[in-house]
**Q** 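Before we start, here is the structure in question, set down as structure tokens.
Reckoned from all heavy atoms, side chains included, excluding hydrogens, waters and symmetry mates.
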Amino acid sequence: MMFLWIALAVWLGAALLLPVYMLFKAMFRNGRRSAARMQQARFARFARGY
């Protein structure tokens, strides 16, 4: 019986943490992408001479 409660707790924990993990992953991916885009724009501006 104890095993069933532990399994239920693990399953509930995973079900609650998975959306939070996906949200954080998406936020960090967007932040990295916008930072890379700004770096690219800064380099293009430098290459054009201003």
Side-chain angles (χ1 to χ4, degrees):
M1 191 66 185
M2 189 67 177
F3 172 76
L4 286 176
W5 283 113
I6 293 172
L8 181 69
V10 169
W11 184 80
L12 280 175
L16 290 173
L17 286 177
L18 188 66
V20 175
Y21 166 72
M22 289 174 70
L23 180 72
F24 271 113
K25 207 166 78 167
M27 281 168 50
F28 284 128
R29 188 176 63 232
N30 288 342
R32 224 177 14 246
R33 192 182 302 144
S34 64
R37 194 180 297 134
M38 274 187 63
Q39 186 72 25
Q40 200 174 11
R42 193 177 299 133
F43 178 73
R45 205 178 305 132
F46 173 75
R48 284 195 303 257
Y50 60 90

**Q** Linking I/L/V/M/F/W/Y whenever their side-chain heavy atoms sit closer than 4.5 Å, directly or via other members, would I6 and M1 fall into one cluster?
**A**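 Not linked; separate clusters.
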
**Q** Taking a hydrophobic cluster as the set of Ile, Leu, Val, Met, Phe, Trp and Tyr residues connected by side-chain heavy atoms closer than 4.5 Å, whether directly or through intermediates, do V10 and F3 fall within one such cluster?
**A**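 No, no single cluster joins them.
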
**Q** In Å and rounded to the nearest 0.5 Å, what is the CE to CG distance from M22 to L17?
**A**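 Taking CE in M22 and CG in L17, the distance rounds to 13.0 Å.
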
**Q** According to a 4.5 Å side-chain heavy-atom criterion applied to Ile, Leu, Val, Met, Phe, Trp and Tyr, with indirect links allowed, do L4 and L12 form part of one hydrophobic cluster?
**A**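 Yes, one cluster joins them.
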
